[in-house]
Number of protein chains: 2
Amino acid sequence: MGAPKLTLGFDADDTLWHNETIFEAVHERYRALLGRYHDTETVDRTLFATEMRNLELYGYGVKGFTLSAVETAIALTDGKIPAAEIQQLIESGREMLAHPVELLEGVAETVAALAAEYRLLLITKGDLRDQERKLAKSGLAENFAAVEILSEKDEATYAAVLRRHAVAPEHFVMIGNSLKSDILPVLALGGAGAHIPYHLTWAAERVETAPAANGRFRQLEHIRELPAAITQWPT
Amino acid sequence: MGAPKLTLGFDADDTLWHNETIFEAVHERYRALLGRYHDTETVDRTLFATEMRNLELYGYGVKGFTLSAVETAIALTDGKIPAAEIQQLIESGREMLAHPVELLEGVAETVAALAAEYRLLLITKGDLRDQERKLAKSGLAENFAAVEILSEKDEATYAAVLRRHAVAPEHFVMIGNSLKSDILPVLALGGAGAHIPYHLTWAAERVETAPAANGRFRQLEHIRELPAAITQWPT
């Protein structure tokens with residue numbers, strides 16, 4: 001008998017389906033709305049600072065973003081923003097939640113092919129109901145043996161996920177677009193990671209340092225490269 | 001050897017710690033804020049209708065409640081509510097999230113005693129991070145073998161929880177303050193339920209019909225009655 005098969009963990013937003021593009025479109029409207037009061041750089045910087053300050057209380061996801069956007073708009077206009085424009089921000093949030101799920105190119109075939117060979121876990125963070133709804137809409141749900149929606153992705157939460165599913169870190173590969181949330185904590189636990197960047201990265205997910213080059217890390221450009229990369233993985 | 005031991009599922013909000021009292025205090029302030037425009041009955045009815053309309057998109061929890069409260073305030077004032085008062089609503093939401101966790105009387109001792117005898121699961125719904133934070137603050141976390149934060153509590157989600165933890169419904173007792181969310185779906189699956197009402201019940205959790213009387217349902221007045229009730233349970 002060979003070594004135990006790998007378990008593959010997949011991030012969801014911007015790894016399987018488009019997400020940051022939806023946020024970016026809403027950001028664009030937000031800058032236009034507040035453009036009468038402040039330049040783009042001030043709007044972006046203040047909104048991001050509000051989001052980071054609220055992150056501990058709100059967690060990740062559209063609802064917390066919307067509350068931070070309303071709070072920032074009130075602060076940046078000294079309370080002069082009309083209520084009708086605050087209502088527009090709330091409606092933007094609802095549109096984001098109701099947005100269709102658009103898979104990245106190559107995802108449907110690649111995930112289905114890998115599901116036939118390996119055990120797949122979906123490991124994501126954000127609003128519970130929103131992530132469940134996106135998975136249901138994606139048509140990908142049946143490929144995953146389990147779904148883990150976390151309030152944070154760090155060494156402690158990945159370690160808990162691996163324990164719950166009885167996976168040894170050395171038999172685990174995490175695939176995602178964020179070095180910070182998907183790759184670095186898993187490498188730190190002794191697991192492996194495949195980084196597939198999305199063309200946009202939210203400022204809070206950016207890291208400056210690439211992971212130390214070793215056999216447990218792969219940098220890919222497209223999910224279609226994943227099956228071949230995995231067959232070469234040391235298990 | 002006797003029959004397998006029971007697994008006990010505990011609801012959290014208003015079963016282990018106070019929650020609806022915190023919402024009710026915020027409701028009271030909300031009625032005062034909008035009292036210049038509408039009578040209490042109209043404010044309550046409109047806010048509840050907004051919450052129910054948004055429930056599918058937002059799910060349960062403080063963030064969705066806050067967004068619905070802002071939306072309702074804008075609608076009920078025809079957009080005349082000042083932005084500073086909307087900011088107050090957002091701050092009320094943050095206060096709710098940061099609120100200390102106050103255990104119900106008798107919970108700490110009873111849960112610890114039961115944890116020594118049975119496997120306990122915490123099964124709750126709401127915002128992921130908020131529920132995790134409350135459990136951490138409660139000091140009760142170590143009593144639970146696992147924590148399940150669900151976006152909805154119905155037959156399908158309870159069935160999935162029981163499967164995940166390899167619990168047969170006939171060896172499962174759910175304890176909670178909501179007949180609708182904690183008791184009826186578990187009875188429908190063939191499990192047992194102990195209902196311990198809280199002195200306030202959110203309108204969305206009210207049901208008119210009591211469960212059919214049978215050996216799998218107990219109505220209790222206080223969590224201190226639970227250990228004795230469980231020893232009499234048919235397993």
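All chains are named by letter (A, B, ...) in the order of the sequence lines, taking the proteins before the strands, and each is independently numbered beginning at 1. Just so you know, these numbers come straight off a predicted model, no measurement behind them.
Interface residues of residues 79-100 of chain A toward chain B, defined by a heavy-atom distance below 4.5 Å and sorted by number: A:G79, A:I81, A:A83, A:I86, A:Q87, A:I90, A:R94, A:L97, A:A98. Taking 4.5 Å as the heavy-atom cut-off, the residues of residues 50-60 of chain A that approach chain B are A:N54, A:L55, A:E56, A:L57, A:Y58, A:G59, A:Y60, ordered by number. Residue-level contacts of residues 68-76 of chain A with chain B, in order of numbering, are A:V70, A:E71, A:I74; threshold 4.5 Å between heavy atoms. Of all residues in residues 19-45 of chain A, none places a non-hydrogen atom less than 4.5 angstrom from a non-hydrogen atom of chain B.
Rounding to the nearest 0.5 Å places CZ of B:R133 at 9.0 Å from OG of A:S151.
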Inset, instruction - Please step through side-chain contact (heavy atoms from CB on, under 4.5 Å) for the pair A:R164 and B:R164, ending with a clear verdict. - result: CA-CA 10 Å; A:R164 266 200 293 282; B:R164 266 200 294 280; over 6 Å; no
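Using a 4.5 Å cut-off between heavy atoms, A:D127 touches chain B through its side chain atoms alone. Heavy atoms closer than 4.5 Å to chain B are found in both the backbone and the side chain of A:I149.
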